[in-house]
Amino acid sequence: MAFTFSGHFLIFSIITLAFISFQTEAAIKKYQFNVVVKHVSRLCHAKPIVTINGKFPGPTIYAREGDRVIINVTNYAQYNMSIHWHGIKQLRNGWADGPAYITQCPIKSGSSYNYDFNITGQRGTLWWHAHILWLRATVHGAIVIMPKHGVPYPFPQPDQEAKLILGEWWNEDVEVVETTGSKLGLPPNISDAHTINGKPGPLFPCSDKHTYALEVEHGKTYLLRIINAALNDELFFAIAGHNITVVEIDAVYCKPFTTDAILITPGQTTNVLLHANQAPGRYFMGARPFMDAPIIVDNKTAIAILQYKGVPTTVLPLLPNLPKPNDTTFALNYAQKLKSLNAPQYPAKVPLTIDRHLFYTIGLGINPCATCLNGTKLIASLNNITFVMPKIGLLQAHYFNIKNVFRLDFPDKPKTTFNFTGAPLTANLGTSQGTRLSKLAFNTTVELVLQDTSLLSVESHPFHLHGYNFFVVGQGIGNFDANTDPAKFNLFDPPERNTVGVPTGGWTAIRFRADNPGVWFMHCHLEVHTTWGLKMAFVVENGDGPEQSMLPPPKDLPPC
Ligand SMILES: *[C@@H]1O[C@H](CO)[C@@H](O)[C@H](O)[C@H]1NC(C)=O
Ligand SMILES: *[C@@H]1O[C@H](CO)[C@@H](O)[C@H](O)[C@H]1NC(C)=O
Ligand SMILES: *[C@@H]1O[C@H](CO)[C@@H](O)[C@H](O)[C@H]1NC(C)=O
Ligand SMILES: *[C@@H]1O[C@H](CO)[C@@H](O)[C@H](O)[C@H]1NC(C)=O
Ligand SMILES: *[C@@H]1O[C@H](CO)[C@@H](O)[C@H](O)[C@H]1NC(C)=O
Ligand SMILES: *[C@@H]1O[C@H](CO)[C@@H](O)[C@H](O)[C@H]1NC(C)=O
Ligand SMILES: *[C@@H]1O[C@H](CO)[C@@H](O)[C@H](O)[C@H]1NC(C)=O
Ligand SMILES: *[C@@H]1O[C@H](CO)[C@@H](O)[C@H](O)[C@H]1NC(C)=O
Ligand SMILES: *[C@@H]1O[C@H](CO)[C@@H](O)[C@H](O)[C@H]1NC(C)=O
Ligand SMILES: *[C@@H]1O[C@H](CO)[C@@H](O)[C@H](O)[C@H]1NC(C)=O
Ligand SMILES: *[C@@H]1O[C@H](CO)[C@@H](O)[C@H](O)[C@H]1NC(C)=O
């Protein structure tokens, strides 16, 4: 549908909305996001936080598959801002993707930017969050994409739905926490609480006003849209006395399976069906970290209440049975259960022949730092390269051919091979540093193996790729074996998603077709590791025709 973003815009929008009830035409959904500071109190501590429209968590974006969404983000806060629409594929349209200095320069205080994108071939739950500094701690919210008009879910229609956004709360200003850690070269302080819809619940002080409750009617079915918006913690989630059925992950339908708990990493979303079919009562819903690496112990549990209608609030709720924080077995078994629906209407288009084989090692390490407490600082790397943030957007540098911003020599495999998950290396832990990207020809089929290493410490890492979904074709513990492991890949119905955990001391293999031109960030979604440099980007070249090429930048793209 052709139209211009000018005087006809409003009229067009009204006409589209008028037609929408009896036509399957796309609509335009407009949102105003004002970045404002608000005082919020949790755990008996009040502090100013950065929010969208004064809401914590922020407003939900509702759209339908095929819609065009325009969000005017206007920054009234003292920090630079940029917002990522996590999981939206942004076909040929990296300008609207959001990561600061990757696809755009930040929206400065007092400025606006209109994120303008179409939602093509996707439906389900995604989310949006700040993609600069650590501001996503409080600047985040849900994206709910309904299927096209008249298209049902591939599972029984729920009676109602609710969103559960899992997060983390610091009593201190998160920016102070982050910069203090960076200055010292040490890990920043861990959060003071976990939260469900912004509320920590009764295991934390001053919880009387800060406990989320979801009221349900006995006999009804609820679709719960669960989002992990935490900065640094993979989380288990469970509801006391109830099993739940997983039906969708990262806005892709999956083969339904019933479980007593889910595992969800930062960046991921999970839709589950809940049947309110137990004895009417009050049940706790809980979320707490999965941490099977010998690093820190954090079992702080966020609690919300599942409240059956008519049951007095004096009834003491039951606690959920969450897996233990170090329950690796649960995590691996859970990952095994995730499979694409792969139905005729929703096929799993797994690349079967591979043009480019990539193998990236994930390392933590220590580099020299003259100004740090110990003369050293903690860092992280992919193929032994610690990513250095550029000063201008990589997408602009690519599109306008600006020199000396990045190099295109990110290696397809590590320079040196070693026993990746063997005994911790006591050798030199230094890394090389640079803004190094990997170039992919348009429509290349890619297989990427992400290999955790024991450099400094093994740990699980949730990796997120912008601009694409990928298929998780294999996962294992120890070192990936290129001779024997590919034979075990699931190429039939592997889970399709945008964020995947690489197991502690193990590996994950993903496949995707590079058919979306642009510059696409890939990083660990644990913010502490992203800060330490666990990130890189792909430059996907244009294809032959205009339909295979990047769109031109919007006029209001923020300048540097
Ligand atoms: C969104 O779709 C409309 C209608 O097809 C098209 O005119 C517009 O260019 C698209 N925008 C983007 C950013 O792809
Ligand atoms: C975005 O919102 C700001 C603040 O309301 C307004 O000044 C600006 O004109 C808007 N931009 C567009 C393109 O609507
Ligand atoms: C980090 O935690 C320590 C110990 O609890 C505390 O003394 C310090 O003030 C905290 N620092 C920041 C920046 O939150
Ligand atoms: C949940 O599933 C487990 C294992 O399948 C089963 O033992 C248990 O009875 C179920 N609980 C409920 C409340 O349905
Ligand atoms: C956390 O772990 C400690 C030690 O294992 C235990 O005493 C405490 O009850 C746990 N807290 C929660 C909220 O699970
Ligand atoms: C998990 O932690 C518990 C203590 O909380 C410990 O007893 C158990 O051995 C640990 N399990 C594994 C597999 O490390
Ligand atoms: C300081 O550096 C030494 C030597 O590299 C190391 O053993 C020690 O753990 C470091 N301490 C801190 C707090 O980083
Ligand atoms: C790698 O190290 C592990 C742990 O020390 C050891 O079990 C394994 O045999 C080593 N693998 C190779 C190929 O040396
Ligand atoms: C990483 O690179 C640094 C600097 O070039 C080097 O000293 C170190 O040995 C390399 N480490 C590994 C594991 O390749
Ligand atoms: C990408 O490659 C596949 C398989 O070779 C081909 O079917 C498809 O048409 C190509 N897509 C484009 C947009 O060129
Ligand atoms: C905000 O972004 C602009 C543009 O990149 C940059 O020049 C400026 O230093 C940033 N401000 C802060 C406080 O980081």
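One-based numbering, in listed order, for ligands and for the atoms of each.
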message: Looking only at side-chain N and O atoms, does T269 offer a donor or acceptor that is under 3.5 Å from a partner on H86?
response: no
- prompt: Near ligand 4, which residues have a heavy atom under 4.0 Å away from one of its atoms?
  reply: G241, N243, Q278
- prompt: Any salt bridge (charged side-chain N to carboxylate O under 4.0 Å, His left out) pairs touching residues 543-560, not counting sequence neighbours?
  reply: R92-E547
statement: A student checking ligand 1 against L551 at a 4.0 Å heavy-atom cut-off should list atoms 12 (C), 13 (C), 14 (O)
Atoms of ligand 1 close to N93 [distance to a heavy atom under 4.0 angstrom, numbered from 1]: 13 (C)
- prompt: When you check the side-chain N and O atoms of H131 and R136, is any donor under 3.5 Å from an acceptor?
  reply: no
message: Taking distance alone, with N or O pairs closer than 3.5 Å, would you say N443 contacts ligand 10?
response: yes
- prompt: Quick one: ring pair (Phe, Tyr, Trp, His ring centres under 6.0 Å) pairs with a partner in residues 87-107, sequence neighbours left out?
  reply: W95-Y399
- prompt: Do D292 and T504 have side-chain N/O donor and acceptor atoms under 3.5 Å apart?
  reply: yes
- prompt: Counting each atom of ligand 1 from 1 as listed, which ones have a heavy atom of N118 under 4.0 Å away?
  reply: 1 (C), 2 (O), 3 (C), 8 (C), 10 (C), 11 (N), 12 (C), 14 (O)
- prompt: What distance separates F236 CZ from T301 OG1, expressed to the nearest 0.5 Å?
  reply: 11.5 Å
- prompt: Aromatic rings Y31 and F33: how do their planes relate, parallel, tilted or perpendicular, breaks at 30° and 60°?
  reply: perpendicular
statement: Taken in chain and number order and not counting sequence neighbours, the residues that satisfy side-chain contact (heavy atoms from CB on, under 4.5 Å) with E541 are K439, A441
query: Does the N or O separation between D116 and ligand 1 drop below 3.5 Å for any pair?
result: no
message: Between T74 and S112, is there a side-chain donor-acceptor contact under 3.5 Å, judged purely by atom types and distance?
response: yes
- prompt: Looking at ligand 10, does R513 have a heavy atom less than 4.0 Å from it?
  reply: yes
